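One structure is given here, and the rest of the page talks about it.
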Amino acid sequence: MQSIPVSKNIIRSATEDDILGILVLAKEFSAEAPKTHKWNLKKTNDFLISAINNDNMIIFIAEKDGEITGAIVCIITEMYMSNTVVASELAWFVSKDLRGTSTSIKLLKTFEQWGKSKGANYIGMADIEGIGNLSKLYSKLGYSVTETTYLKEA
């Protein structure tokens, strides 16, 4: 009997060679996002390069059969008024057909482990209005609402 290779999701740190694949996902995500998050190729490309080359930032990607299917961009900082260290998600996107699967959770769990390894006291996640409601997922994973952001067009 011939064995058939099984596709497996791999989670790993991104390199500059991964930027094109991440840009494809970011553009897909932008099409669903509010107008404040609309696509700008140069800005997104520069941001990704900066994140990869910054010691306080990291991008983790999900990869399946050589294709990037998800990414989470993370930063570690101290709060401005205390010594509390927070690992924050700056961007998190997964291919639409893989949302709600283990790929999303694996990216999040990898980010949480990285944050803890960097000395984070807290892990911060965001939920952009209008794309999907992540409040149940976050609550199930032990997160609680601590801040809400409101935007008004100037």
Side-chain angles (χ1 to χ4, degrees), residues 9 11-15 18-64 68-154:
N9 278 328
I11 306 294
R12 63 175 177 80
S13 301
T15 68
D18 298 312
I19 289 178
L20 179 59
I22 299 169
L23 286 169
V24 169
L25 281 177
K27 187 173 183 182
E28 175 187 305
F29 173 80
S30 177
E32 300 175 67
K35 65 182 177 179
T36 54
H37 292 68
K38 288 306 173 201
W39 179 250
N40 180 306
L41 175 60
K42 182 177 180 354
K43 175 88 173 175
T44 308
N45 187 68
D46 292 348
F47 169 70
L48 295 173
I49 290 170
S50 174
I52 288 170
N53 293 307
N54 183 326
D55 290 337
N56 291 324
M57 296 176 75
I58 194 163
I59 302 172
F60 293 108
I61 59 167
E63 184 178 49
K64 185 175 183 179
I68 295 174
T69 58
I72 188 166
V73 183
C74 319
I75 188 167
I76 188 98
T77 58
E78 277 191 2
M79 294 189 81
Y80 71 92
M81 67 179 117
S82 71
N83 293 325
T84 303
V85 177
V86 179
S88 300
E89 163 260 322
L90 299 176
W92 182 30
F93 30 82
V94 176
S95 295
K96 202 169 189 173
D97 58 331
L98 292 176
R99 292 179 194 161
T101 69
S102 63
T103 298
S104 300
I105 301 300
K106 286 177 183 176
L107 279 168
L108 175 56
K109 292 295 185 181
T110 302
F111 162 50
E112 289 177 342
Q113 290 170 356
W114 174 82
K116 288 176 188 176
S117 77
K118 290 289 200 175
N121 303 107
Y122 293 92
I123 308 295
M125 295 297 295
D127 187 6
I128 297 173
E129 190 73 20
I131 294 179
N133 187 337
L134 297 174
S135 60
K136 287 182 184 178
L137 172 66
Y138 290 153
S139 179
K140 180 179 175 183
L141 295 173
Y143 290 83
S144 58
V145 176
T146 56
E147 183 175 322
T148 303
T149 301
Y150 294 87
L151 295 179
K152 177 181 176 182
E153 194 164 343

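Both backbone and side-chain heavy atoms feed into the values below; hydrogens, waters and symmetry mates do not. What you are looking at is a predicted structure, and each value in this text was computed from that prediction instead of being measured.
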Evaluation steps, side chain to side chain contact (heavy atoms under 4.5 Å, CB included), between Met57 and Val73: CA-CA 7 Å; Met57 296 176 75; Val73 183; 4.2 Å; yes
Under 3.5 Å donor-acceptor, Ser88 side chain and Gly124 backbone: no
Close side-chain approach of Val94 and Leu107, heavy atoms under 4.5 Å: yes
Asp97 atom CG, neighbour heavy-atom count above 12 within 6.0 Å: yes
Donor-acceptor under 3.5 Å (Asn121 side chain, Val85 main chain): yes
Straight-line distance of Leu108 CG to Cys74 SG, nearest 0.5 Å: 9.0 Å
From CZ (Phe111) to CH2 (Trp92), nearest 0.5 Å: 10.0 Å
N/O donor-acceptor pair under 3.5 Å between Asp18 side chain and Ala14 backbone: no
Electrostatic pair Glu63-Arg12, nearest N-O below 4.0 angstrom: yes
N/O donor-acceptor pair under 3.5 Å between Tyr138 side chain and Ala126 backbone: yes
Main-chain N/O of Asp46 paired with Ser50 side-chain donor or acceptor, under 3.5 Å: no
Check: Thr44 side chain, Asn40 main-chain N or O, donor-acceptor pair, under 3.5 Å: yes
Heavy-atom check, side chain of Trp39 versus side chain of Glu28, under 4.5 Å: no
Exceeds 12 heavy-atom contacts within 6.0 angstrom, atom CG of Asp55: no
Any residue meeting ring-ring contact (aromatic ring centres under 6.0 Å, His included) with Tyr122, in chain and number order, not counting sequence neighbours: none
Side chain to side chain contact (heavy atoms under 4.5 Å, CB included) between Ile58 and Ser13, worked out: CA-CA 7 Å; Ile58 194 163; Ser13 301; 3.6 Å; yes
Nearest-0.5 Å distance that lies between atom CG in Leu25 and atom OG in Ser95: 4.5 Å
Separation between CD of Glu78 and CG of Asn56, rounded to the nearest 0.5 Å: 10.0 Å
Approximate separation, where rounding is to 0.5 Å, of Ile52 CD1 and Ile22 CD1: 5.5 Å
Minimum heavy-atom distance Gly21-Ile68, with the two atoms named: CA-CD1, 4.0 Å
Ile75 CD1 to Lys118 NZ distance, which is reported to the nearest 0.5 Å: 11.0 Å
Ring geometry between Phe60 and Trp114 (parallel below 30°, tilted from 30 to 60°, perpendicular above 60°): perpendicular
Ile76 versus Ala120, closest heavy-atom pair with distance: CD1-CB, 3.7 Å
Audit row: Leu23, Leu41, side chain to side chain contact (heavy atoms under 4.5 Å, CB included) steps and yes/no: CA-CA 8 Å; Leu23 286 169; Leu41 175 60; 3.9 Å; yes
Heavy-atom side-chain contact between Phe93 and Ile72 under 4.5 Å: no
Ile105, CD1 atom: more than 12 neighbouring heavy atoms under 6.0 Å: yes
